[in-house]
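Down below is the structure, laid out as structure tokens.
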Amino acid sequence: MKTVLSGIRPTGNLHLGNYYGALINFLKMQEDKDNRCFFFIADLHAMTTHPDPKMMQENVRNILATYLACGLDPEKATIYIQSQIVEIVELELLFGPFVSIAELSKVVTFKEKAKQQPKNVNVGLFRYPVLMAADILAFNADYVPVGKDQEQHLEFTQHIASRFNNRFGVNYFKEPTPFIVKDQALVKIPGLDGSGKMGKSEGNCIYLVDDPQTIEKKVKGALTDNGPEGANTPKPEYIENLFTILKVVSTPEVVAHYDHLWNAGEQKWYGNLKKQLAEDIIKVTSPIRERINDIKNDNAYLRRVTQAGAAKARESAGKTLRDVREIMGLNYFA
Ligand code: TRP
């Protein structure tokens, strides 16, 4: 049995890039009988950027509804909200002494955030990798599916696991393996403004909750040009982007058709390409959107799912915490 664990920070609606980069993998892993899966909403990590309480509630509700709408199944995986598992918070505290200020200061994501918000370089941001280690080690996860940007954080989890084991002469924590999705095209669904990755906070992406008209409008507005300047010319990045999305949502025949038009150096088919692209995106997202909207308003169901998930997660994390306390000598007068 392998333990798989991953979380998403609730900072906005999930988009097509999250779906193909993260959620599809979660689904595959959940269906494997040899996996014990934990999927959670990393709300405590989101606190580092001071979200508004109302937005926080809304975002957590949306992500939870999206998880369920995409097919994550509370019967097959443990689905929970991070802040409802107090054991994680205590582990984070206990792990603090296993990492140095110097190391944490060198974390790329920390340095970037510090640059972005120089007036708000808070301790929460600083301890971000330690909290992630607590998330993961609370369940002694074997595999952690994440994006490439999380690799360095996972190294901290590995360090903390091995330092803890060495310090106490035990073989208690496993060093988790990051499961970085190999196919970059699937992880980096490009934005529609012609460049870069689809980011939740950038205005260039297609959300799973976007209605058909919105999707059509966004795709129509994607950057194009007059067409290839000759036969077999390389595609500029913004055209390549459209093909990248087409490859994940359409059939190979459709992709081959437009590839052929490009390579033949033909012009005036971008309109058709965009129509097809919008149609195929809508085909993928429509059933998900409808389910999100149903589930989102079912407060009793969401409460039931998160209560059951928290109970399961706390049982497992509670056992880890008891073991850790004992190993560290914090089990007085036992
Ligand atoms: N930091 C991750 C991100 O921003 C989210 C996250 C928090 C996470 N804790 C985790 C991912 C534990 C995997 C495992 O994407």
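Residues take their numbers from the sequence shown, with the count starting at 1. When a ligand or atom number is given, it counts from 1 through the structure's own listing order.
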Contact atoms of ligand 1, heavy-atom distance to A42 under 4.0 Å
7 (C)

Residue pair D135 / Q82, side-chain donor-acceptor N/O under 3.5 Å
yes

Quick one: pull up OG in S250 and NE2 in H257 and give me the separation to the nearest 0.5 Å.
11.0 Å

Just need the protein heavy atom nearest to atom 6 (C) of ligand 1, so name the residue and atom and give the distance.
G7 O, 3.9 Å

Suppose we measure from atom 1 (N) of ligand 1 to each protein heavy atom; which comes out shortest, and what is that distance?
Y128 OH, 2.7 Å

Does an N or O anywhere in H153 fall below 3.5 Å from an N or O of ligand 1?
no

Do we see a donor-acceptor contact under 3.5 Å between the side chains of Y258 and N272?
no

Can you find an N/O atom of Q82 closer than 3.5 Å to an N/O atom of ligand 1?
no

Scan side-chain atoms only and decide if H15 and N18 contain a donor-acceptor pair under the 3.5 Å cut-off.
yes

Does D135 reach ligand 1 with a nitrogen or oxygen that is under 3.5 Å from one of the ligand's nitrogen or oxygen atoms?
yes

Just checking, is any N or O donor in the side chain of T320 or D323 under 3.5 Å from an acceptor N or O on the other one?
no

Establish, from distance only, whether the side-chain atoms of N241 and E237 form a donor-acceptor pair under 3.5 Å.
no

Residue-level breakdown please: for F139 versus ligand 1, do any non-hydrogen atoms fall below 4.0 Å on the side chain, on the backbone, on both, or on neither?
neither

Give a yes-or-no answer on whether the side chains of N331 and R322 include a donor-acceptor pair shorter than 3.5 Å.
no

With heavy-atom distances below 4.0 Å as the criterion, list the atoms of ligand 1 near H45.
7 (C), 9 (N)

Between Y172 and N140, does any side-chain donor sit less than 3.5 Å from a side-chain acceptor?
no

With heavy atoms of S6 as the reference, note each atom of ligand 1 found under 4.0 Å away.
13 (C)

Using 30° and 60° as the class boundaries, would you call the ring planes of Y80 and F38 parallel, tilted or perpendicular?
perpendicular

Distance filter under 4.0 Å to Q150 heavy atoms, resulting ligand 1 atoms:
1 (N), 2 (C), 3 (C), 4 (O), 15 (O)

Counting each atom of ligand 1 from 1 as listed, which ones have a heavy atom of V144 under 4.0 Å away?
13 (C), 14 (C)

Atom indices of ligand 1 within 4.0 angstrom of V146 heavy atoms, with elements:
11 (C), 13 (C)

For R9, take its heavy atoms, then give the atoms of ligand 1 lying under 4.0 Å from any of them.
4 (O)

